[in-house]
Amino acid sequence: LKDEVEQFLFAEAELLDDRQYEEWLSLLDDDIRYWMPMRRNVKFGELEREFTREGQDINWFDEGKDTLTRRVNQILTGVHWAEEPLSRICHIVSNVQVLDAQPSTSEPSEVSVKCRFIIYRNRVETETDFLVGKREELLRRAGDGWKIARRKIVLDQNVLMAKNLTFFF
């Protein structure tokens with residue numbers, strides 16, 4: 001099961017790196033929640049304040065399939081100031097852990113997964129970004145493969161030096 005999940009996540013990263021955004025959208029379940037809270041520097045003993053709260057605070061993004069589809073469609077128009085010229089991106093996915101499988105590991109219909117990532121992006125001639133963090137995912141069985149039902153993205157940095165977040169995690 002772990003190997004199957006890893007291969008799915010690696011193939012997804014390859015689609016994004018190859019700018020195969022429509023194919024990437026096909027990996028997302030219709031009710032996907034694609035969420036990245038903001039991270040704060042907090043004092044010792046106040047760790048409950050470190051991340052913005054789901055549904056209560058502002059986040060880097062909190063999107064569903066409709067919004068993600070609109071973002072992809074905008075990029076594909078070729079008229080997208082933040083992606084002109086297109087970014088060169090490399091997703092590295094590692095430390096994949098299968099946390100839970102329902103109803104069982106032998107015949108899972110849903111799998112909870114955690115992994116680490118590094119995203120390298122180069123734009124124009126001199127803009128370079130590295131984003132590092134972890135993802136918490138819920139994958140659902142869809143025929144012979146998987147669909148992403150939930151993705152929570154947790155960045156290790158709390159201040160982003162990137163000029164925009166037009167790419168996908």
Side-chain angles (χ1 to χ4, degrees), residues 1-37 54 59-78 80 82-123 127-157 160 162 164-169:
L1 178 60
K2 182 177 182 271
D3 184 58
E4 184 181 347
V5 167
E6 282 179 328
Q7 293 309 310
F8 172 79
L9 295 175
F10 298 159
E12 179 210 5
E14 195 70 23
L15 286 176
L16 289 171
D17 292 351
D18 290 342
R19 302 182 187 121
Q20 301 296 311
Y21 300 123
E22 291 171 316
E23 290 85 348
W24 175 72
L25 284 172
S26 73
L27 301 180
L28 309 181
D29 218 343
D30 290 338
D31 66 343
I32 186 170
R33 177 144 192 255
Y34 187 85
W35 176 53
M36 186 165 75
E54 184 174 355
N59 301 288
W60 287 114
F61 44 79
D62 190 352
E63 300 178 294
K65 189 157 187 183
D66 182 61
T67 308
L68 292 166
T69 300
R70 281 191 257 152
R71 283 179 55 195
V72 164
N73 289 339
Q74 177 64 43
I75 291 169
L76 295 177
T77 65
H80 193 287
E83 281 299 318
E84 182 57 41
L86 290 170
S87 297
R88 292 164 296 281
I89 298 178
C90 177
H91 291 75
I92 300 171
V93 178
S94 70
N95 300 25
V96 177
Q97 301 172 55
V98 175
L99 304 175
D100 188 35
Q102 294 297 325
S104 69
T105 54
S106 59
E107 293 187 33
S109 60
E110 289 190 343
V111 180
S112 296
V113 177
K114 188 183 287 188
C115 65
R116 299 293 294 177
F117 67 84
I118 297 173
I119 298 175
Y120 166 82
R121 175 173 71 163
N122 178 257
R123 287 192 72 244
E127 293 178 26
T128 300
D129 300 305
F130 281 97
L131 293 112
V132 178
K134 69 180 172 184
R135 297 189 324 215
E136 298 169 10
E137 329 237 23
L138 177 66
L139 305 180
R140 280 196 193 119
R141 177 69 71 192
D144 293 346
W146 297 97
K147 291 215 179 224
I148 303 165
R150 303 280 178 275
R151 175 166 286 167
K152 178 181 176 184
I153 301 132
V154 177
L155 289 178
D156 286 343
Q157 52 267 67
L160 291 182
N164 61 51
L165 290 174
T166 54
F167 53 94
F168 304 99
F169 289 80

**Q** Can you tell me how far the CZ atom of R151 sits from the CD atom of E63, to the nearest 0.5 Å?
**A** 12.5 Å
**Q** Under a 4.0 Å N-O cut-off, is there an ion pair linking K65 with D31?
**A** no
**Q** Against R135, only a single residue in V96, I148, L9, V154 fulfils side-chain contact (heavy atoms from CB on, under 4.5 Å); can you say which?
**A** L9
**Q** How many angstroms lie between atom CG of N122 and atom CG of L86, to the nearest 0.5 angstrom?
**A** 12.0 Å
**Q** Would you say the side-chain atoms of K152 pair up with the backbone N or O of K134, donor to acceptor, closer than 3.5 Å?
**A** no
**Q** Say you draw a straight line from OG of S94 to CD of E6; how long is it, rounded to the nearest 0.5 Å?
**A** 9.5 Å
**Q** Would you check, one step at a time, whether the test side-chain contact (heavy atoms from CB on, under 4.5 Å) holds for I153 with W60?
**A** CA-CA 10 Å; I153 301 132; W60 287 114; over 6 Å; no
**Q** D156 vs R116, test: salt bridge (Lys or Arg N to Asp or Glu O under 4.0 Å). Steps then yes/no.
**A** CA-CA 10 Å; D156 286 343; R116 299 293 294 177; 2.5 Å; yes
**Q** Check R141 with E4, please: is the shortest side-chain N to carboxylate O separation under 4.0 Å?
**A** yes
**Q** Could you label the plane-to-plane angle of the F130 and Y120 rings as parallel, tilted or perpendicular, counting under 30° as parallel and over 60° as perpendicular?
**A** tilted
**Q** Measure across R121 and T166 and return the closest heavy-atom pair with its distance rounded to 0.1 Å.
**A** NH1-OG1, 3.6 Å
**Q** How are the rings of F169 and F117 set to each other: parallel, tilted or perpendicular (split at 30° and 60°)?
**A** perpendicular
**Q** So which atom in D29 and which in A149 form the shortest heavy-atom distance, rounded to 0.1 Å?
**A** CB-CA, 4.1 Å
**Q** Hey, what do you get for CG (D129) to CG (N164), rounding to the nearest 0.5 Å?
**A** 8.0 Å
**Q** Could you tell me which non-hydrogen atom of R123 sits nearest to which non-hydrogen atom of R88, and how far apart they are?
**A** C-NH2, 3.9 Å
**Q** Please name the pair of heavy atoms, one in K114 and one in L99, separated by the smallest distance, quoted to 0.1 Å.
**A** CB-CD1, 4.0 Å
**Q** I'd like to check E22 versus L76 (side-chain heavy atoms, cut-off strictly below 4.5 Å). Are they in contact?
**A** yes
**Q** Nearest 0.5 Å, please: how far is OG1 in T67 from CG in D62?
**A** 9.0 Å
**Q** Kindly give the heavy-atom pair with the smallest separation between W146 and P108, and that separation in Å.
**A** CH2-CG, 3.9 Å
**Q** D17 side chain to H91 main-chain N or O, any donor-acceptor pair under 3.5 Å?
**A** yes
**Q** Would a distance-only check, ignoring hydrogens and angles, find a side-chain to backbone donor-acceptor pair under 3.5 Å from R19 to S87?
**A** yes
**Q** Taking all atoms of both residues into account, what is the closest heavy-atom pair of R71 and L165, and its distance?
**A** NH2-O, 3.2 Å
